[in-house]
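A quick write-up on the structure given underneath.
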Amino acid sequence: MRQKRNKKIIALIFEKDNDLLIDLKLTPEHGEEVREYDGVFPAYHMNKTHWNTVRVNNTSLPLEGLIKMIQESDKLTQ
């Protein structure tokens with residue numbers, strides 16, 4: 001998913017080993033915080049300081065937390 005205006009990536013959504021994964025950009029502080037949840041870890045293909053991967057179908061992160069991460073990634077890439 002990309003921003004329409006500047007074409008920056010908001011999220012990478014992909015499947016690996018039957019897991020739905022999403023990479024999202026976060027502030028380094030927020031990234032460290034959410035990595036405490038099972039199923040959230042430094043991003044596979046991106047800068048590990050700013051990008052995090054969520055194993056969507058297998059995480060202890062609440063849905064509200066995932067929504068906040070998506071919103072933050074959107075804001076940071078504008």
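Everything numeric here is computed off the predicted structure, so don't read it as measured data.
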Once rounded to the nearest 0.5 Å, what's the spacing between atom CD of Glu32 and atom OG1 of Thr27?
9.0 Å
Looking at Tyr37, I want to see if its OH is surrounded by more than 12 non-hydrogen atoms of other residues, nucleotides or ligands under 6.0 Å.
no
Rounded to the nearest 0.5 Å, how far does OG1 of Thr53 lie from CG of Asp23?
3.5 Å
Is Asn6 reaching over with its side chain to a backbone N or O of Lys8, donor-acceptor style, under 3.5 angstrom?
yes
Out of curiosity, Trp51 CH2 to Leu12 CG, how far, rounded to the nearest 0.5 Å?
6.0 Å
For Thr77, the option from Gln3, Arg2, Glu72 that meets side-chain hydrogen bond (donor to acceptor under 3.5 Å, both in side chains):
Gln3
Approximate separation, where rounding is to 0.5 Å, of Lys75 NZ and Lys68 NZ:
13.0 Å
What do the steps show when you test Thr59 against Val40 for side chain to side chain contact (heavy atoms under 4.5 Å, CB included), and what is the final call?
CA-CA 7 Å; Thr59 184; Val40 182; 3.8 Å; yes
Hey, is the main chain of Leu21 close enough, under 3.5 Å, to the side chain of Asp19 for a donor-acceptor pair?
no
In Å, rounded to the nearest 0.5 Å, how long is the span from CG of Asn18 to CG of Asn58?
12.0 Å
Assess the residue pair Met69 and Leu61 against the criterion (side chain to side chain contact (heavy atoms under 4.5 Å, CB included)); give the C-alpha distance rounded to whole Å, side-chain angles, the decisive distance to 0.1 Å, and a yes or no.
CA-CA 10 Å; Met69 289 174 68; Leu61 178 72; 3.5 Å; yes
In Å, rounded to the nearest 0.5 Å, how long is the span from NE2 of His30 to CG of Leu24?
10.0 Å
